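Every value quoted in this text rests on a predicted model; they were computed, and no experiment measured them. In listed order, ligands and their atoms are each counted from 1. Because only heavy atoms are used, hydrogens play no part in the values below, and waters and symmetry mates are left out as well, while side chains stay in.
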Amino acid sequence: MTIENNHAVTVNYKLHTIEANGEKVFVEETTTENPLTYLHGVGMMIPKFEQELSGLTVGDKKSFVIAPEEAYGEIDPNAIAQLPLEMFQESGLPPVGAMLPLTDNAGNEFRATVVEVNDQAVVADLNHPMAGKTLNFDVEVIATRPATEEELDHGHAHGIDGTHSH
Ligand SMILES: [Zn+2]
């Protein structure tokens, strides 16, 4: 069976970024005990990731690179927020490097990285942590099957065999 839209796809993958000097930096990997299962073709994954996997079959291995503009976008130097200190009266000031869970005016949750704390504000970088990064995936296809009605209804996969319902 080959990977196509509305399949629940299980893969093991290793993700590196490729830095400007060509150096590969390890980011994360799945394990045989805990692979990634996702619903293919519903926009859950980076579109280019899904494109690269479309048509592969179980046992296939593929290594590919995704440029920043096709992954998490280029870094936007203007995406910096000055958060008033009053926001942190209850929680206490966060350390530089902390990830802040924030909510925009439309109610969407996102994360910002604290880059500076000064007398006036907590300065947060709103860029996705992987913005500006070239991604290198090494993927092995473990399983692929048509999604169940329930999975399609929920818009996500329920594990390798579709039984992890909730
Ligand atoms: Zn569900």
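Exactly one of V114, I80, L83 qualifies for a side chain to side chain contact (heavy atoms under 4.5 Å, CB included) with V123. That residue is I80.
Between the side chains of T2 and H7, no donor-acceptor pair is found at a separation under 3.5 Å.
A perpendicular orientation is assigned to the rings of H156 and H154, their planes being inclined by more than 60° (bins at 30° and 60°).
Between Y38 and T10, the closest side-chain pair of non-hydrogen atoms is not below 4.5 Å.
Excluding waters, the protein N/O/S atoms found under 2.8 Å from the Zn ion (ligand 1) are H154 ND1, H156 NE2, H158 NE2, H166 NE2.
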Check: Please walk me through it: do E19 and K133 pass salt bridge (Lys or Arg N to Asp or Glu O under 4.0 Å)?
Finding: CA-CA 7 Å; E19 304 301 306; K133 301 284 189 188; 3.8 Å; yes
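A donor-acceptor pair under 3.5 Å links the side-chain atoms of R145 to the main chain of I160, judged by distance alone.
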